[in-house]
Structures are given as C-alpha cells and as structure tokens.
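Notes follow the structure.
A, B, ... follow the sequence lines: proteins, then strands. Residue 1 opens every chain.
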2 protein chains.
Amino acid sequence: MSTVGLQLRELREKAGFSLRKAAVAIDIDVAILSKMERGERKFSKELVIKLAELYKTNSDKLVIDYLSEKVLYELEEEEFGLEALKVAEKQLEYKRTNNK
Amino acid sequence: MSTVGLQLRELREKAGFSLRKAAVAIDIDVAILSKMERGERKFSKELVIKLAELYKTNSDKLVIDYLSEKVLYELEEEEFGLEALKVAEKQLEYKRTNNK
DNA sequence: ATTACCTTTGACAATATTAGTCAACACATA
DNA sequence: TATGTGTTGACTAATATTGTCAAAGGTAAT
C-alpha cells in the first residue's frame, strides 16, 4: 500500500531534493518532514500541495489519497466503517448533483 | 436531512425523557446534551450508544449515521471529497474481503 | 406571581490533541 | 576530519475538544 508519505518521498528523491532542502523550501522543520514521509505524523493538505508544487507534480491524486487516508484512519477500527462510508458517499453525490 | 442529534431528540421524546433526565441517566451535563442534539457540539460514539440503550433502540443505524456525519464534516468543503471517499471505500472493501 | 418544571445560552476552566523546536545521534562518503 | 544524509526523542507552544456552571427565558399549573 502506497501511502501519501511514501509517494512524496519517492517524488522528492526523483526531484533530487534532500530532506533538508525540501523542508527548507516549504519552510518546515526537517524532523517533521521526515516523520511525515514515514507516516509517523500526519500531513496537512497544505503541505502536500506545497510539496507537489516543489516536485513539479500535479497534486490532485496526492490530495485525494491524503483525504482518503485521513478518513480511513478514523474508520479503520469501526465495525460499520464501510457502511458509514457508503452513507456519506450518497450524501455527497446528492449534494453534488443538486445545489452545489 | 435528519442528523443523529435530531434523531436522538425524537427518540428521547418518544421515550418520555426530559433533557435533564436523559442527561443524568447517561451522566453528562444537560447543557452538553442540549447542544449535541441540536448539532452545536459533536457526539461521541459512546454517548450515541448509551442514549440508544436508554431509549431502547438498536444503535447500529445511529452509529453509522454518526460516523458518516463525522466523515462528511471533514470532507464537505473538499473539492475532491467524493473521490477520496471512493478511494477509501475500495481500501476498506479490500480489507474486508481479505485478511480482516 | 410564585413554584416547578423545561431547554438554551454563554462564559469559563480543564484536558487532550496536535504542531513546532531543537539538539543529538548514526551512517556514509569525500 | 569534515560534510551531507536521515532519524529520534524530549520538550514547549498552540489549538481544539470537553466539561462545568450559573443564569436566562419559556410554559403550565396552582
């Protein structure tokens, strides 16, 4: 399973950034970035986007994966997690087809 | 749209509990229950279940709605919320069919 | 019009969670 | 040795969540 953190780590390496350089570029402590890439700390959406920009990658899929992970994190232990997701999905679909 | 709070309010009234009585029965401050029923504060899963028990109702659907609301709350402003939900759903389905 | 309920409101304190800072470590390589 | 790499843990700061409390306003019966 490819987490957002690991995806961003790969992208960073391909883009030729060291952890420190990348951290400086987006103005966070290197320790935090290290932990985020390894899933020890959560990303924020803003950081995901900033990093994607730094690595010259489209951020859409990364953001989707980021949000998905966030949701899964709070449902994974839930007996009715899947059912809840389906209910939520219906609501969002309804919302999207109608008003806004 | 019928929120968990409003559902629980209806159940409470049908069961003949005043806000105070219900709050005392599950050992929380009446102010909190009032706010929760009206959506001004979030429920916890434990309270949803306790209230369902108090009102002699099966809690499964309530819990599902509760979780769904929680998820929607953090996705509703997101451009890619629906896509994220679908990704999360696939992961959960995969997990459920396989190992655990 | 006061007593006895009910629900709502807002201000505040207590707690828990999350985010950020920093220094040091271990490893590799020039 | 000196420089660059990533990782770790302890600590503080900031923010969010929860809990407590007192008071207000409503309704109804006496």
Side-chain angles (χ1 to χ4, degrees), chain A residues 2-52 54-55 62-63 65-78 84, chain B residues 2-52 54-55 62-63 65-78 84:
Chain A
S2 179
T3 66
V4 173
L6 293 182
Q7 290 182 60
L8 281 168
R9 167 153 290 191
E10 264 196 46
L11 287 169
R12 174 172 62 78
E13 287 166 349
K14 278 184 187 158
F17 283 93
S18 75
L19 209 47
R20 282 194 163 77
K21 295 270 176 61
V24 168
I26 64 168
D27 193 36
I28 59 170
D29 191 289
V30 63
I32 295 179
L33 185 54
S34 169
K35 286 167 186 166
M36 283 176 169
E37 283 187 351
R38 286 170 300 112
E40 199 180 309
R41 271 209 200 186
K42 292 177 207 157
F43 278 98
S44 71
K45 196 179 80 169
E46 288 63 38
L47 288 185
V48 171
I49 292 172
K50 274 191 189 173
L51 287 172
L54 181 63
Y55 307 148
L62 286 166
V63 168
D65 286 351
Y66 158 73
L67 292 173
S68 163
E69 274 175 27
K70 218 169 91 172
V71 164
L72 281 172
Y73 177 76
E74 59 182 19
L75 289 187
E76 63 188 348
E77 306 295 339
E78 292 295 340
Chain B
S2 180
T3 65
V4 172
L6 293 182
Q7 290 181 59
L8 281 167
R9 167 153 290 191
E10 263 195 47
L11 288 170
R12 172 173 61 78
E13 287 166 349
K14 278 184 188 158
F17 284 93
S18 76
L19 209 46
R20 258 174 225 289
K21 296 270 175 63
V24 167
I26 65 169
D27 193 36
I28 60 171
D29 191 288
V30 62
I32 294 179
L33 185 54
S34 170
K35 286 167 186 167
M36 283 176 169
E37 283 188 351
R38 286 170 300 114
E40 199 179 310
R41 271 207 199 188
K42 292 177 207 157
F43 277 98
S44 71
K45 198 180 77 167
E46 288 64 38
L47 288 185
V48 171
I49 292 172
K50 274 191 189 173
L51 287 172
L54 181 63
Y55 307 147
L62 286 166
V63 168
D65 286 350
Y66 158 75
L67 291 173
S68 163
E69 274 175 27
K70 218 169 90 172
V71 164
L72 281 172
Y73 177 76
E74 61 183 17
L75 288 188
E76 62 187 351
E77 306 295 339
E78 292 294 340

Euclidean distance, Leu51(B) CG relative to Leu8(B) CG, rounded to 0.5 Å: 5.5 Å
Any residue meeting side-chain hydrogen bond (donor to acceptor under 3.5 Å, both in side chains) with Arg38(A), in chain and number order, not counting sequence neighbours: Ser34(A), Glu40(A)
Arg38(B) side chain near dT7(C) phosphate (N/O to OP1/OP2, under 4.0 Å): no
Quick one: Met36(A) CE to dG6(D) C1', roughly how many Å, whole number? 16 Å
So if I define the base as every atom that isn't primed, P, OP1 or OP2, how would nucleotides 21-30 of chain C read as a B/S/- string at a heavy-atom cutoff under 4.0 Å? BB--------
Residue pairs fulfilling side-chain hydrogen bond (donor to acceptor under 3.5 Å, both in side chains) with at least one residue in residues 17-26 of chain B, sequence neighbours excluded: none
Any side-chain N or O of Ser34(B) less than 4.0 Å from the OP1 or OP2 oxygen of dT8(C)? yes
Given atom CD of Glu46(A) and atom P of dT18(C), what is their separation to the nearest angstrom? 16 Å
Could you pull out all residues at least two apart from Glu10(B) that satisfy side chain to side chain contact (heavy atoms under 4.5 Å, CB included)? Lys14(B)
Using atom CG of Leu19(A) as one end and atom P of dT8(D) as the other, report the distance to the nearest whole Å. 12 Å
dG20(C) C1' sits how many Å from Phe43(A) CZ, rounded? 16 Å
How would you list all residue pairs meeting side-chain hydrogen bond (donor to acceptor under 3.5 Å, both in side chains) that involve residues 42-52 of chain A, not counting sequence neighbours? Lys45(A)-Glu78(B)
For Glu37(A), what residues pass the side-chain hydrogen bond (donor to acceptor under 3.5 Å, both in side chains) criterion, not counting sequence neighbours? Arg9(A), Arg12(A)
Using atom CZ of Phe17(A) as one end and atom P of dG6(D) as the other, report the distance to the nearest whole Å. 12 Å
Whole-Å gap separating P (dG19(D)) and NZ (Lys42(B)): 13 Å
In whole angstroms, the gap separating P of dT18(C) from CD of Glu40(A) amounts to 14 Å
Using atom CG of Leu33(A) as one end and atom P of dT5(D) as the other, report the distance to the nearest whole Å. 13 Å
